[in-house]
Amino acid sequence: MARANDEIEAILQEYADLIAITGGDAFRARSYEKAARAIGGYHADVATLDPKGLREIPNVGKSIADKIVEYLTSGQISAVEERRQSVPAGVRELITIPMLGPKKAMVLYEELGISNVDQLLDAVHEERLRDLKGFGEKTEANILHGIALMQKAGTRILLNAAMDAAEQIVAELSGIEGCRKCAYAGSLRRMRETIGDIDILVAADSSAPFMDALAALPHTAEVIAHGAKKTSVRTTKGLQIDLRVLPPDSWGAGLQYFTGAKAHNIRTREIAVRQGLKLSEYGLFDAETGERIVSSTEEEIYERIGLPWIPPTLREDRGEIAAALRGELPVPVAEDDIRGDLHTHTDLTDGLAPLEEMVAAAAARGYSYYAVTDHAPDLAMQRMTKEKMLAQRDRVRELDRTHKGMRLLHGTELNIGPDGDVDWPGDFLAGFDICVASIHSHFNQSREALTRRLVRACENPYVSVIGHPTTRRIGKRPPIDADFDAVFAACARTGTALEINAHPERLDLGDEDILRAKRHGVLFAIDSDAHSTTHLPYMRYGVGTAQRGWLTKDDIVNTWPLAKLRRFLSPRA
DNA sequence: GCCGTTTTCGGCCCGACTGTTTTCAGTCG
């Protein structure tokens with residue numbers, strides 16, 4: 001079940017946007033933003049809290065606690081409803097365009113009556129923006145670029161949002177009588193970084209109860225198709241969900257067919273055809289007699305056409321079939337292989353939870369080590385100092401060994417400056433157990449400068465991991481334009497690991513870059529970059545991305561035992 | 001609207017970049 005926290009976070013964020021757009025007190029808007037973020041990352045479900053409990057959430061006072069109670073009891077907040085009257089929904093959509101904030105959006109609405117992205121596009125093409133105060137030709141070009149970026153992500157949604165929705169539906173349908181099996185398939189099962197629609201499969205003798213249940217789910221806004229074998233709906237958030245109900249003995253064939261990718265399926269069917277067989281979502285058949293040979297499990301189907309079972313995350317027609325035929329299919333890293341998280345934050349910088357809570361949540365995940373890596377001072381907004389860092393280190397040392405079986409590492413996330421320098425000199429860096437170094441600004445340097453910058457960071461003997469290497473944010477910011485082959489070569493040469501940042505909005509490195517980097521012989525670290533206890537489980541998306549990059553546990557330093565990891569982390573001569 | 005080893009008012013992360021201006025507003029991280 002999705003937590004009420006997510007809905008409340010969304011509506012408070014909307015309220016903050018509405019305040020900003022209508023020119024309200026900026027600090028008040030920020031208060032709602034901060035509260036929204038704190039609630040989204042809060043460990044407890046707000047629906048279970050009384051008003052007193054609500055006010056224990058950071059940045060939630062009386063006024064916001066009252067609004068949360070109002071929402072939980074009535075499903076809406078009157079103050080938000082009132083503000084919605086004065087700002088069309090499309091104006092709020094405008095501020096999701098990079099480079100367009102609340103002030104410019106309101107000017108566009110008040111001066112030109114623009115209240116959605118299409119109207120904005122028209123106005124840009126008619127060059128009507130450049131006459132507005134504070135706008136110009138460059139602004140028009142930037143807006144076009146921002147819209148293109150948004151539309152490239154299109155209607156696809158982030159992996160975690162799709163996963164939450166799918167798991168909720170699978171749980172609902174699994175509880176219906178007659179359900180023999182239920183699972184999600186499609187690009188979600190392959191852990192693609194964005195998801196266009198969700199494919200749900202059910203094995204049952206009778207389909208009607210499942211079709212009806214899907215159409216009746218609270219988040220279903222529209223039923224696109226409603227049949228005996230397939231039902232498609234669109235949720236209130238615009239996400240399409242396709243449900244297929246299969247005869248139980250076709251389960252394996254259906255799962256294989258609907259997991260794809262398309263190109264992978266075409267190849268498997270070609271192999272079947274060459275053996276006088278026919279493969280469909282109902283089974284593997286003799287092409288001549290039509291007799292069904294196997295159909296109940298994926299393993300049987302792959303085996304019968306001469307292949308080992310291929311993990312879903314590899315089914316992209318990127319050479320997995322040839323590798324399988326040669327017996328060289330990798331055993332992809334699994335979430336169970338991960339022994340610890342090497343990049344996490346606390347409320348000492350921009351995290352939401354105190355050190356103690358983050359550590360306890362990490363221990364509950366069964367990690368055998370856990371690194372705390374708050375931001376260093378060059379990210380000025382975090383106001384870090386040596387003194388604060390050393391005080392945190394003392395606290396980390398005290399907490400070490402208090403959770404059975406888990407050791408703590410004290411680290412930092414350094415900022416890679418425009419020239420490739422990092423926050424502190426070597427003598428201070430030497431005191432950390434681990435240094436992650438990442439780019440956080442100056443994304444538009446030349447390709448040469450960006451490449452040199454990353455290579456210099458790799459060459460710093462104290463830097464063990466390059467964090468979110470391309471700095472992309474899916475649907476929001478493109479990757480930086482560096483010569484990544486040169487960077488990967490530098491990582492391999494210097495023994496610096498590349499991060500696979502597991503945050504669903506980053507997934508950075510992405511699968512294709514991982515494949516390239518691996519050819520250079522690079523090592524990797526899969527990290528949650530958690531800013532809240534609720535982000536620690538994002539690890540699964542990093543693992544999925546690593547699998548898509550064909551990585552095995554040996555490639556990933558945080559699957560290693562602590563002693564081996566420590567040797568890797570120690571400064572290079 | 002929230003918060004407090006500076007506590008019931010008066011601050012609120014702070015600096016840089018961009019594109020627009022001709023000294024600055026808006027946006028971002």
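Numbers restart at 1 for each chain; the letters A, B, ... are given by sequence-line order, proteins then strands.
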What's the closest nucleotide to the [X] side chain, out of [options]?
| X | options | value |
| --- | --- | --- |
| Ser31(A) | dT27(B), dG29(B), dC2(B) | dC2(B) |
| Phe443(A) | dG1(B), dG29(B), dC2(B) | dG29(B) |
| Ile64(A) | dC3(B), dG1(B), dG19(B) | dG1(B) |

Value in whole Å for how far the [atom2] atom of [N] lies from [atom1] of [X]:
| X | N | atom1 | atom2 | value |
| --- | --- | --- | --- | --- |
| His440(A) | dC17(B) | NE2 | C1' | 17 Å |
| Lys34(A) | dG11(B) | NZ | C1' | 10 Å |
| Glu33(A) | dC28(B) | CD | P | 11 Å |
| Phe27(A) | dC3(B) | CZ | C1' | 13 Å |
| Asp66(A) | dG1(B) | CG | P | 11 Å |

Pairing partner of dT8(B) (Watson-Crick or G-U wobble, both distances under 3.5 Å):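 Here dT8(B) is not engaged in any pair, so there is no nucleotide opposite it.
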Any side-chain N or O of [X] below 4.0 angstrom from OP1/OP2 of [N]?
| X | N | value |
| --- | --- | --- |
| His442(A) | dC17(B) | yes |
| Arg477(A) | dG29(B) | yes |
| Ser441(A) | dG29(B) | no |
| Arg130(A) | dT20(B) | no |
| Asn142(A) | dG19(B) | yes |

Centroid separation His468(A) to His503(A) less than 6.0 Å: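 No, the ring of His468(A) stays outside the 6.0 Å limit from the ring of His503(A), centre to centre.
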Expected output: side-chain Asn558(A) to main-chain Gly340(A) donor-acceptor under 3.5 Å: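 Flag set: sc Asn558(A) to bb Gly340(A) pair under 3.5 Å.
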Any donor-acceptor pair under 3.5 Å from Arg393(A) side chain to His410(A) backbone: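 Pair absent, no side-chain N/O of Arg393(A) close to backbone of His410(A).
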Rounded C1' spacing from dC17(B) to dG1(B) in Å: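 Each nucleotide's C1' atom is 30 Å from the other's.
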Sugar-phosphate only, base, or nothing, as touched by Arg55(A) at under 4.0 Å among non-hydrogen atoms: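 No contact.
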Sugar-phosphate, base or nothing in reach of Lys62(A), heavy atoms under 4.0 Å: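 Sugar-phosphate: the residue Lys62(A), judged by heavy atoms under 4.0 Å, touches backbone atoms but no base.
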